[in-house]
Amino acid sequence: MTVRVRFCPSPTGSPHVGFARAALYNWVFARHHGGTFVFRIEDTDKARSTEESYQGMLGAMRWLGLDWDEGPEVGGPYGPYRQSEREDLYREVLAKLAGSSYTYDCFCTTEEVDARRKAAGSKVQGYDGFCRDLDAEQRAAFEAEGRAPIVRFRMPDGSVTWQDLVRGEVSFETEFVPDFALCRANGDPLYTLVNPVDDALMRITHVLRGEDLLSSTPRQIPLHRALVELGVSEAVPEFGHLPLIMGEGNKKLSKRDPQAHLFMYRDQGFLPEGLLNYLALLGWAIAADRDVFTLEEMVEAFDIADVNPNPARFDLKKASAINGDHLRMLSVEEVTHRVLPFLKQAGVVGDPVGDADAQLLEQAMPLVAERIGKLTEAVDLLAFLFVDEADFSVDEADAAKLLDEQGREVVRAALDAVEGLPTWSTAAIQEALQASLVEERGLKPRVAFGPVRVAVTGRRISPPLFESMELLGRDRTLSRLRAAVA
RNA sequence: GCCCCGUUCGUCUAGUGGCCCAGGACGCUGGCCUCUCACGCCGGAAGCACGGGUUCGAAUCCCGUACGGGGUACCA
């Protein structure tokens, strides 16, 4: 049997980290088994779905590098893949169900149901089955009142049990699972119908989703069985419920939580492979003593049975650390390529990049590639090399600390030592400063080079000083040293 | 309230009855390296929720309790 899995977000709001994790696990599962990864858009809720959000979902998948075999823009044999374009299909299936004994028409309002539940002192919430066995006369009476019925699924007696791919055996007594609505009174199909119907129609074999949907499974399995019985599909899929990702306060990470937003990580300079690696760790481990790996390695090693069922807290610090490890796995050329958009956006280099800047960048990147944990950090480290001399400024707080009277004295000495250098090279600069400041004046290296660093780069934290001075060039370096002591 | 799921260092995890007086990672912390910051290296503190069983033997199996989470719509 060929594995077919799907990832089916609702385009409401911006994609969040739970989105990325669910997409990742489904994608990896499909790739591991050589199966098909279906991307479907669940936009049946017309009031909440937006085109902007839809575009965001596609953009998020592309940024993450999770490609889909069937879905929007690539098509496939079971399309269309946006539920808003599948309404005819749902109405067709709904008609089949309505013509069977698996469903019944229900005329009750929510208020009536609540009132009856309350009066009966029932512990169970939701529908009470009032309309299950209406006769023709009762139907006629409701219709005479002008009521439009909805279609409800008739839950079977007994229990629903399945082998959850992540949790093992899970079982619900159906007395606690009320008959549920499949459509609105106006005929609009609901998620309860549409999600399992699409899984059935698209021949999905494994449903991997968040634990928040665990309690909808005892409704979906009987519905799937009915669909098989009615010839709509061939088999009931297997289910696996992934642990939820928790945020602050140990609540499910919600769209309201700023840490939840995927694009925040992209904009902060996370690598998609770094974020994905971290997300994979929330519920899965590749080995006992290892937690940095590539997507390919994950595809190779992934087994849904190894996924941990308990919820995990999102830890930004560890996510950053893993991201840093991935950054250091990249070649300098690759880091340069990834950093470039951030440099352009910050206006550090032009767009397109000029020849001189490109050359300078190529020389400077080896100095910064290893010392950043996020792509945006390169911008701060590199800006001093590219800025127009007129716009160069020294960080005030850093200047206050290091360019005091004593610091300026050091800078004067540095200026003397370096001004007449016959060759302007890292080695020559280092030798001259070392001799003058450390050996001659007996200064500790950090005391000697700190003020010079601030004067030349504008900050206490910078790429290595002597290399920086060489790259900056003699003229600009000297003018900055003079400016610092003026 | 009711139903379901879960519970190993602060956090993420390894562990599927003896290899565990519990291993790794992030974080924290002492030190080394060092022109700053990172990186790298060496060391430290820190955990099997609790109570009963089962067993020669339990972090691992069973029951209960506590705690946490999810669900409970004509949302998805």
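A note on names: the letters A, B, ... follow the listed sequences, proteins ahead of strands, and every chain is numbered from 1. All of these numbers come straight from a predicted model, not from anything done at the bench.
- Counting atom types as modelled, A:R453 pairs a side-chain N or O with a base atom of B:C35 as donor and acceptor under 3.5 Å.
- Across all strands shown, A:P464 has heavy atoms under 4.0 Å from base atoms, whether or not it also approaches the sugar-phosphate.
- Using a 4.0 Å heavy-atom distance criterion, A:E111 is classed as making no nucleic acid contact.
- Inspection of the A:T217 and A:H241 side chains reveals an N or O donor paired with an N or O acceptor under 3.5 Å.
- B:C4 and B:C63: their P atoms are spaced 13 Å apart (whole Å).
- Across B:G43 and B:U36, the matching P atoms stand 25 Å from one another, rounded to whole Å.
- Atom CD of A:Q55 is surrounded by more than 12 heavy atoms from other residues, nucleotides or ligands within 6.0 Å.
- Residue contacts for A:I150: at a heavy-atom cut-off of 4.0 Å it reaches a base atom on one of the strands shown.
- Among the nucleotides B:A76, B:C12, B:C3, the one closest to any side-chain atom of A:F176 is B:C3.
- When heavy atoms are screened at a 4.0 angstrom cut-off, A:A185 is found touching base atoms of the nucleic acid.
- A side-chain donor-acceptor contact under 3.5 Å links A:E470 and A:T426.
- For A:D188 and A:Y90, the side-chain atoms include no donor-acceptor pair closer than 3.5 Å.
- For the C1' atoms, the distance from B:C28 to B:G10 is 9 Å, rounded to whole Å.
- Taking only side-chain atoms of A:A312, from C-beta outward, the nucleotide of B:C37, B:C12, B:C75 with the closest atom is B:C12.
- Between A:F153 and A:Y104, a ring centre-to-centre spacing not shorter than 6.0 Å is recorded.
- The gap from the P atom of B:C50 to that of B:G1 amounts to 25 Å, rounded to the nearest Å.
- When the C1' atom is used for both B:G53 and B:A58, the distance is 12 Å, rounded to whole Å.
- B:A38 atom C1' lies 14 Å from atom CG of A:L382, rounded to whole Å.
- The side chain of A:R184 places an N or O atom within less than 4.0 Å of a non-bridging phosphate oxygen (OP1 or OP2) of B:C75.
- If you check every strand for non-hydrogen atoms under 4.0 Å, A:N195 touches nothing.
- Taking the C1' atoms as reference points, B:C61 lies 15 Å from B:G15, given to the whole Å.
- Between the base of B:C5 and the side chain of A:R167 there is no donor-acceptor pair shorter than 3.5 Å.
- A salt bridge is defined here as a Lys NZ or Arg NE, NH1 or NH2 lying under 4.0 Å from an Asp or Glu carboxylate O, and A:D398 with A:R453 fails to meet this definition.
- Using a 4.0 Å heavy-atom criterion, one finds that A:R152 contacts the sugar-phosphate atoms exclusively.
- Note on A:T44: only backbone sugar-phosphate atoms sit closer than 4.0 angstrom, heavy atoms only; bases stay farther off.
- The gap from the P atom of B:A49 to that of B:U13 amounts to 15 Å, rounded to the nearest Å.
- Using a 4.0 Å heavy-atom distance criterion, A:R459 is classed as making no nucleic acid contact.
- Across the C1' atoms, B:G17 and B:C39 are found 43 Å apart, a figure rounded to whole Å.
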